[in-house]
K.L.:
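Here it is, the structure in full.
Each chain gets a letter, A, B and so on, in the order its sequence line appears, and its residues count up from 1.
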Amino acid sequence: MMGTPELKIILEFGAGAELLFGNIKRRQLALDGNQKWTIANLLKWMHANILTERPELFLQGDTVRPGILVLINDTDWELLGELDYELQPNDNVLFISTLHGG
Amino acid sequence: MMGTPELKIILEFGAGAELLFGNIKRRQLALDGNQKWTIANLLKWMHANILTERPELFLQGDTVRPGILVLINDTDWELLGELDYELQPNDNVLFISTLHGG
Amino acid sequence: GESAHTKLNKDDVARYSRQLILPSFGVQGQLKLKNSSVLIVGLGGLGCPAAQYLAAAGCGNLGLIDYDDVERSNFHRQILHSEARCGMSKAESARIALLELNPNCEIRCHSRLLYSQNAMHILRGYDVVLDCSDNLPTRYLLSDACVMLRKPLVSGSALKMDGQLTVYSYGNGPCYRCIYPVPPPPEAVTNCGDGGVLGAVTGTIGAMQALEAIKVIVGLGDVLAGRLLIFDGSSGTFRNVRIRSKRPNCHVCSAQPIITELIDYEIFCGMHATDKNNPMQML
Amino acid sequence: GESAHTKLNKDDVARYSRQLILPSFGVQGQLKLKNSSVLIVGLGGLGCPAAQYLAAAGCGNLGLIDYDDVERSNFHRQILHSEARCGMSKAESARIALLELNPNCEIRCHSRLLYSQNAMHILRGYDVVLDCSDNLPTRYLLSDACVMLRKPLVSGSALKMDGQLTVYSYGNGPCYRCIYPVPPPPEAVTNCGDGGVLGAVTGTIGAMQALEAIKVIVGLGDVLAGRLLIFDGSSGTFRNVRIRSKRPNCHVCSAQPIITELIDYEIFCGMHATDKNNPMQML
Ligand SMILES: [Zn+2]
Ligand SMILES: [Zn+2]
């Protein structure tokens, strides 16, 4: 279908973070391509659309809560601008809980 | 530098196959972009340019010897046309020896 | 011959409580493990940790096959054997260690070389087979036999600081011959005796062989069939690669197989099925 | 206190021959291992295989620290302990098992809780520390202490069918606080007692902790610092991800640290340092 441009990205969840998102580990998203998508915007979109369980276990204020790592294309988001990173087509964004057990 | 177009690919070797190629596990190649590069052509280029040890442990006739797997972008080359596969920019080609020990 | 267990006893519940509570495991998963039987071929660097984690997890019946005896050069990686059991058959030595870990595990030892004449008879009694062997003829033999008997084959291998893992003969996945229809030239094969191997590498792959066997038995997660896991211990990285499905003209696992009985695998491969007897070979 | 070994004896050569012949290992690598001392914090699901492969490989001195005693619910994953040693301190139980495997290993047991008042004293005697613990306060404590003492910290963790591995406080790599400056809310933390864990998963991560420790000691390959290995046992896949370097404003490892002495980590994290005492928590 022609028409509205889409920004396709892949969201992944691991090590327990998926439990907050309907227990789905991998999702392909087609976001509205007319707007600019930063990670900050993506988090708001996730909160509104796919965060099914206790949001305080995923978000704290405008960012992800301590203990969840964000990896963009397998690189720590801290190296890429964190909340301000602008999503590119086919980006892979992974949210992973930190494990403490043994 | 402008001028001759280049086809950039990454070659990787693992599980012992690197020993035939100067013990280098990863190489970035810039091939002549004016010609079409199939895996068959790449093998000839490798033989002529970087295969430093006993070629019969890497090649058998026009193809790789039994016991070496070829993976293009982490997919078995058999699913992609084997020798006839045409290399694309930024392709990753991995040659891996099969291990039998324990 | 025994009837299947339908209940966990009190000891089972205490022992496996941390595993029972896993999502999609539960009492039913534990019972499947208790009723399962797994054959471990080779009690070396891979077979020791694989057997250890299967026995610990509550696999009810383990078969151990190895023709070899315990020697000093094994200890750096074959962690079920001990100084006190030097000279004992590896299968017997492993059995003693495993029973200390879990006395509820029924363990049967086959202290002999697996070959074409005894393989079908031995394998028939098991649900899942683990290839923890150290040589090419045994790898082809196990794959062919598992295809003929329709048993999943969890195949691990290691050399130096590298390891590989996949599951053959499972679902639509390929068999060993689909991937390697022709054996490599003997001079291209290195064994652990000649090339060396790090115990922590065989330990990593062996533990994952136990994991894949548990997944097959319990029906957990995605079994590593049609995919190959490649471990480079030197860089500490793994690759998960997609390998072919069943080869339509595979001599063994295709719809019209050419090979329907086990063959002589030492002749097929041009080498012996014992790590020791092979001449020195490179790569 | 003892003088360094400068030669391998006959037993060493026989025992480690398959490892000695590895490229860039050799007699010098084996001597480095023989002269090394490694502290393993936690003799549970991760510490057991890690200790096993370090002892087997010829690590000369191992320290084992665990406040806990062996119980039945440990056996499914803590493969150094046995029924006969139920109730014994885990460090002592592990020591017995490890000496059977390699009587040449000097093993020191610390059967008590590691906390701010004893950590510096205990850690000082070791070259490398393995975090095989099961709780968050201990993870922060170990990281801070290893930064202050400039010791590499090989950190493994596991829960359910997931595992994670990295090396902190090594080269230009980050410390635990660089990655996690603020602890998670206590209600977001699950321990293995509550969430369960598969032994083959702790076995995989624990064996790789031994591998990274050996790489650090011998100087082999690329140590997993500044990178995190993420294991999803359910799918049988690994991801190798690039994590940040030292945080320029890290409270502990930056050039101007704010924290220069160990703090109270139970208060910092809002939770106890013992797996058992934590209230039930989800995720
Ligand atoms: Zn086949
Ligand atoms: Zn830091």
K.L.:
Check step by step if side chain to side chain contact (heavy atoms under 4.5 Å, CB included) holds for C:Leu228 and B:Leu69.
P.N.:
CA-CA 11 Å; C:Leu228 174 67; B:Leu69 278 183; 3.7 Å; yes

K.L.:
Taking C:Met161, C:Arg239, C:Arg139 one by one, which has the highest count of heavy-atom pairs under 4.5 Å against chain B?
P.N.:
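So the answer, after comparing C:Met161, C:Arg239, C:Arg139, is C:Arg239.
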
K.L.:
Heavy-atom distances under 4.5 Å only: say whether C:Asp131 touches chain B with side chain, backbone, both or neither.
P.N.:
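Nothing of C:Asp131, per the 4.5 Å heavy-atom cut-off to chain B.
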
K.L.:
Flag the pair B:Thr98 / C:Leu136 as yes when at least one side-chain heavy-atom distance between them is below 4.5 Å, and no otherwise.
P.N.:
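No. Closest side-chain heavy atoms not under 4.5 Å.
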
K.L.:
Under 6.0 Å from the CG atom of B:Asn34, do we count more than 12 heavy atoms belonging to anything else shown?
P.N.:
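Yes, enclosed.
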
K.L.:
Hey, are the side chains of C:Arg227 and B:Asp76 touching, using non-hydrogen atoms and a 4.5 Å cut-off?
P.N.:
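C:Arg227 does not reach B:Asp76 side chain to side chain.
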
K.L.:
Considering non-hydrogen atoms only, spot the tightest contact between C:Leu159 and B:Leu99 and give its length.
P.N.:
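Here C:Leu159 and B:Leu99 meet closest at CB-CD2, 3.8 Å.
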
K.L.:
How many angstroms lie between atom CD1 of C:Ile230 and atom CD of B:Glu12, to the nearest 0.5 angstrom?
P.N.:
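Rounded to the nearest 0.5 Å, the CD1-CD separation comes out at 10.0 Å.
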
K.L.:
Quick check: closest heavy atoms across C:Pro184 and B:Gly67, and the distance to 0.1 Å?
P.N.:
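C:Pro184 and B:Gly67 have their closest heavy atoms at CB-CA, 4.2 Å.
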
K.L.:
By a 4.5 Å heavy-atom criterion (distance strictly below it), what part of C:Val182 contacts chain B: side chain, backbone, both, or neither?
P.N.:
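Contact with chain B: backbone and side chain both.
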
K.L.:
Which heavy atom of B:Pro66 sits nearest a heavy atom of C:Pro185, and at what distance?
P.N.:
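Nearest heavy atoms, B:Pro66 then C:Pro185: O-CD, 4.0 Å.
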
K.L.:
Is it true that, when you exclude C:His251 itself, more than 12 heavy atoms of the residues, nucleotides or ligands shown sit nearer than 6.0 Å to its NE2?
P.N.:
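No, the 6.0 Å shell around NE2 holds no more than 12 heavy atoms from other groups.
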
K.L.:
Please classify the contact of C:Ser234 with chain B as side chain, backbone, both or neither, using a heavy-atom distance under 4.5 Å.
P.N.:
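For C:Ser234, the side chain is the part near chain B, not the backbone.
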
K.L.:
Please look at C:Tyr176 and chain B and tell me whether the side chain, the backbone, both or neither of the residue comes under 4.5 angstrom of a heavy atom of that chain.
P.N.:
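Side chain of C:Tyr176 only, per the 4.5 Å heavy-atom cut-off to chain B.
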
K.L.:
If you count heavy-atom pairs under 4.5 Å with chain C, which of B:Glu78, B:Lys25, B:Gln60, B:His100 comes out on top?
P.N.:
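Most heavy-atom pairs within the cutoff with chain C belong to B:His100.
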
K.L.:
Other residues, nucleotides and ligands only: do more than 12 of their heavy atoms fall within 6.0 Å of CG on C:Asn172?
P.N.:
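No - once you tally the heavy atoms of other residues, nucleotides and ligands closer than 6.0 Å, there are 12 at most.
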
K.L.:
May I ask you to decide whether B:Asp74 forms a salt bridge with C:Arg242, counting only side-chain N to carboxylate O separations under 4.0 Å?
P.N.:
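Result for this pair is no, no salt bridge flagged.
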
K.L.:
How close do B:Ala15 and C:Gln164 get, heavy atom to heavy atom, and via which atoms?
P.N.:
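Taking B:Ala15 first and C:Gln164 second, the nearest heavy atoms are CB-NE2, 3.6 Å.
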
K.L.:
Could you check whether C:Glu187 pairs with B:Arg54 (Lys NZ or Arg NE/NH1/NH2 to Asp/Glu carboxylate O, under 4.0 Å)?
P.N.:
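Salt bridge: no.
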
